[in-house]
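Worksheet: the structure to be examined is printed underneath.
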Amino acid sequence: MDFEPSEEQQAFSDLARSFARDEMAPHAAQWDADCLFPVEALRKAAGLGFAGIYVRDDVGGSGLSRLDATLIFEELAAACPSTAAYLSIHNMAAWMIDRFGDEALRRRVLPPLMTMEHFASYCLTEPGHGSDAANLQTTAERRGDRYVLNGQKAFISGGGASDVYVVMCRTGAPGPKGISTLVVPKDTPGLSFGKKEVKLGWNSQPTAAVIFEDAEVPLDNRLGGEGDGFRIAMMGLDGGRLNIGACSLGGARACLELALDYVRERRQFGQAIADFQATQFKLADMATELEASRLLIRRAAAALDAAAPDATRLCAMAKRFATDAGFAIVNEALQLHGGYGYIRDYPIERYLRDLRVHQILEGTNEIMRVIVARKLLGGA
């Protein structure tokens, strides 16, 4: 066990921190207020290798580990959790293509995703099937050398803006074994998008329904075999859960640092509020929860890199713990700022709005508890 990053890990962590400080932090408030999708900033991130962190290097990926990715996403999210989270989703979709696509598909689709000339989205959730994803209803009927898709996906990050959609759809019987995964280009006839959702947070990335009406996709765009789609989707989510947990770490760390600065400067009753023991206890708990979250995220990432049998359980534990703790830390930081924390002149409220959804997506934290309990009790 070595709890310190290697020299290489420290180098790309520092690189991510510098990029976040220089290219993201100065613009994050405007991206949020104006609901701007920061295409050029994302492409600059891709130029540093952050668009395919654990995609193989023969198609332009960085070929790093899941643990490496958590270090990078923590740093990026310290500046803008919303933009870092979109980058996480793009990485998840790209990895699924890299891991399960055939060589022709990999070499056709992945190079422009690695530069972010093209953007990618992950499409699992449906209007009537969120946590109950194994019973999704979007269908893909096989007709000759093509699939014909019909159905709708909901709350898709990048919906309407992305160029590539990794879609879980039903090609067989009800249940998880009847699901396959297809790569659907944006220019596919029959593919359309719903309205851009107006959201509490995550405003630097568009969210919209993705709609299929007799959309034809070549058989060659399938990832893995027919019926493998649910397994592929869940494998993608193991890594996605670590990344979103790491984004919570970054946002929480930034708010803890802001709170530390504020309590040293803010005076009440003739002294800095940092001098009150109640404030000190609150800060101590925030720092402890942050450190515990970081350790569990990195422990789970190491397990996923090692293909450990308990990796899925650890990823669910880490996601649940880090996203709950991250939101709580930001909320406490806002409380320490008093009324100033609630106004947009201070960045705390943006972090609060952005981190809230981390407890919902990539599997709700209630579903994370279901996964952990099943593993503990010997279930699937």
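Relative orientation of the Y340 and Y346 rings is tilted, given thresholds of 30° and 60° on the angle between their planes.
Not one N or O on the side chain of Q280 forms a donor-acceptor pair closer than 3.5 Å with the backbone of Q277. A distance-only check finds no donor-acceptor pair linking the side chain of Y351 to the backbone of G250 [under 3.5 Å]. No donor-acceptor pair closer than 3.5 Å links the side chain of K186 to the backbone N or O of S192. For the pair K375 (side chain) and D310 (backbone), a donor-acceptor distance under 3.5 Å is absent. With hydrogens and angles ignored, the 3.5 Å screen pairs a side-chain donor or acceptor of H337 with a backbone N or O of A333. Side chain of T279 to main chain of I273: a donor-acceptor pair is present (N/O by atom type, distance under 3.5 Å, no hydrogens or angles).
Contact annotation: the side chain of R142 approaches that of R222 to within less than 4.5 Å [non-hydrogen atoms, C-beta and beyond]. Under the 4.5 Å side-chain criterion, counting only non-hydrogen atoms from C-beta, L249 is in contact with I297. Two residues are said to be in side-chain contact when any heavy atoms from C-beta on lie closer than 4.5 Å; E8 and F12 meet this criterion. Side-chain contact between L87 and N243: absent, with no pair of heavy atoms (C-beta onward) separated by less than 4.5 Å. When side chains are defined from C-beta on, K199 counts as touching T207, because their heavy atoms get closer than 4.5 Å. Considering only heavy atoms from C-beta on, N365 stays 4.5 Å or farther from H358 through its side chain. Residues V164 and L113 have side chains in contact (heavy-atom distance under 4.5 Å, counting atoms from C-beta outward). Taking 4.5 Å as the limit, every side-chain heavy atom of T138 sits out of range of all side-chain heavy atoms of R170.
Ionic pairing of R17 and D14 is not present here: no N-O contact between side-chain nitrogen and carboxylate oxygen is shorter than 4.0 angstrom. A salt bridge is defined here as a Lys NZ or Arg NE, NH1 or NH2 lying under 4.0 Å from an Asp or Glu carboxylate O, and E332 with K282 meets this definition.
Identified under the side chain to side chain donor-acceptor pair (under 3.5 Å) test for residues 92-103, with sequence neighbours left out: R56-D98, D98-R106, E103-R106, E103-R107. Sorted by first then second residue, the salt bridge (charged side-chain N to carboxylate O under 4.0 Å, His left out) pairs that include residues 111-132, not counting sequence neighbours, are E126-K153. For residues 284-301, the pairs satisfying side chain to side chain donor-acceptor pair (under 3.5 Å) are E74-R294, E291-R294, with sequence neighbours left out.
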Q) Can you list the steps and then say if L200 with V357 is a side chain to side chain contact (heavy atoms under 4.5 Å, CB included)? A) CA-CA 9 Å; L200 175 70; V357 76; over 6 Å; no
Subject >> side chain to side chain contact (heavy atoms under 4.5 Å, CB included) evaluation trace for L76 with T83 >> reply: CA-CA 8 Å; L76 298 178; T83 304; over 6 Å; no
* Under the ring pair (Phe, Tyr, Trp, His ring centres under 6.0 Å) rule, what do F50 and F73 come out as? Steps first, then yes or no, please. => CA-CA 9 Å; F50 297 158; F73 284 116; 8.2 Å; no
Under the criterion side chain to side chain contact (heavy atoms under 4.5 Å, CB included), I'd like the reasoning laid out for D238 against R66: C-alpha separation, chi angles, the key distance, then a yes or no.
CA-CA 10 Å; D238 278 343; R66 301 310 182 95; 5.7 Å; no
### Query
After noting the C-alpha distance and the side-chain angles of F37 and F119, does the key distance pass the side chain to side chain contact (heavy atoms under 4.5 Å, CB included) rule?
CA-CA 11 Å; F37 187 47; F119 298 99; 4.3 Å; yes
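Rounded to the nearest 0.5 angstrom, C315 SG and M234 CE are separated by 12.5 Å. In this structure, the separation between CG on L334 and CD1 on I329 is 14.0 Å, given to the nearest 0.5 Å. Taking CD of E366 as the reference point, atom CD1 of I371 lies at 12.0 Å (rounded to 0.5 Å). Rounding to the nearest 0.5 angstrom, the gap separating the OG1 atom in T188 from the CG atom in D214 is 13.0 Å. In this structure, D354 CG and D32 CG are separated by 6.0 Å, a value rounded to the nearest 0.5 Å. L355 contributes atom CG, which lies 8.0 Å from atom CZ of F327 (distance to the nearest 0.5 angstrom).
The nearest pair of heavy atoms linking T70 to A301 is CG2-CB, 4.0 Å. Across all non-hydrogen atoms, the minimal contact from T181 to G229 is OG1-CA, 3.2 Å. Contact between G240 and M92 at its shortest, heavy atoms only, is CA-SD, 4.0 Å. Nearest heavy atom pair, residue A20 against residue P26, reads O-CD, 4.4 Å. Residues A51 and H90 come closest through the heavy atom pair O-CD2, 3.2 Å. The two residues Q359 and T323 make their nearest non-hydrogen contact at CG-O, 3.7 Å.
Here R344 pairs with E349 under the salt bridge (Lys or Arg N to Asp or Glu O under 4.0 Å) rule; sequence neighbours left out. Here R320 pairs with D324 under the side chain to side chain donor-acceptor pair (under 3.5 Å) rule; sequence neighbours left out. Scanning for side chain to side chain donor-acceptor pair (under 3.5 Å) contacts around N221 gives R108, with sequence neighbours left out. E257 pairs by the salt bridge (Lys or Arg N to Asp or Glu O under 4.0 Å) definition with R253, not counting sequence neighbours. Among residues two or more places apart in sequence or in another chain, the side chain to side chain donor-acceptor pair (under 3.5 Å) test is passed with E141 by R143. Every residue meeting the salt bridge (Lys or Arg N to Asp or Glu O under 4.0 Å) condition with E40, not counting sequence neighbours, appears here in chain and number order: R43. Every residue two or more places apart in sequence or in another chain that forms a side chain to side chain donor-acceptor pair (under 3.5 Å) with K44 is listed here: E23.
There is a side-chain donor-acceptor pair under 3.5 Å between S65 and D68. For Q335 and N331, the side-chain atoms include no donor-acceptor pair closer than 3.5 Å. No side-chain donor-acceptor contact under 3.5 Å links N150 and E213.
Grouping Ile, Leu, Val, Met, Phe, Trp and Tyr by side-chain contacts under 4.5 Å, direct or through others, puts V217 with Y147, L149, I156, Y165, V167, L182, V184, L191, F193, V210, F212, L219. If you chain together ILVMFWY residues whose side-chain heavy atoms come under 4.5 Å of each other, M1 ends up grouped with F3, L295.
With Y86 as the partner, the side-chain hydrogen bond (donor to acceptor under 3.5 Å, both in side chains) test is satisfied by one option alone out of S204, S157, S162: S162.
Surrounding CZ of F321 are more than 12 heavy atoms belonging to other residues, nucleotides or ligands, all under 6.0 Å away. Atom CD of E7 sits in a sparse spot, with 12 or fewer heavy atoms from other residues, nucleotides or ligands closer than 6.0 Å.
In the hydrophobic clustering of ILVMFWY residues, with side-chain heavy atoms under 4.5 Å counting as a link, I232 and L242 come out apart. The cluster map of Ile, Leu, Val, Met, Phe, Trp and Tyr, joined by side-chain heavy atoms under 4.5 Å apart, puts L36 and I89 in the same cluster.
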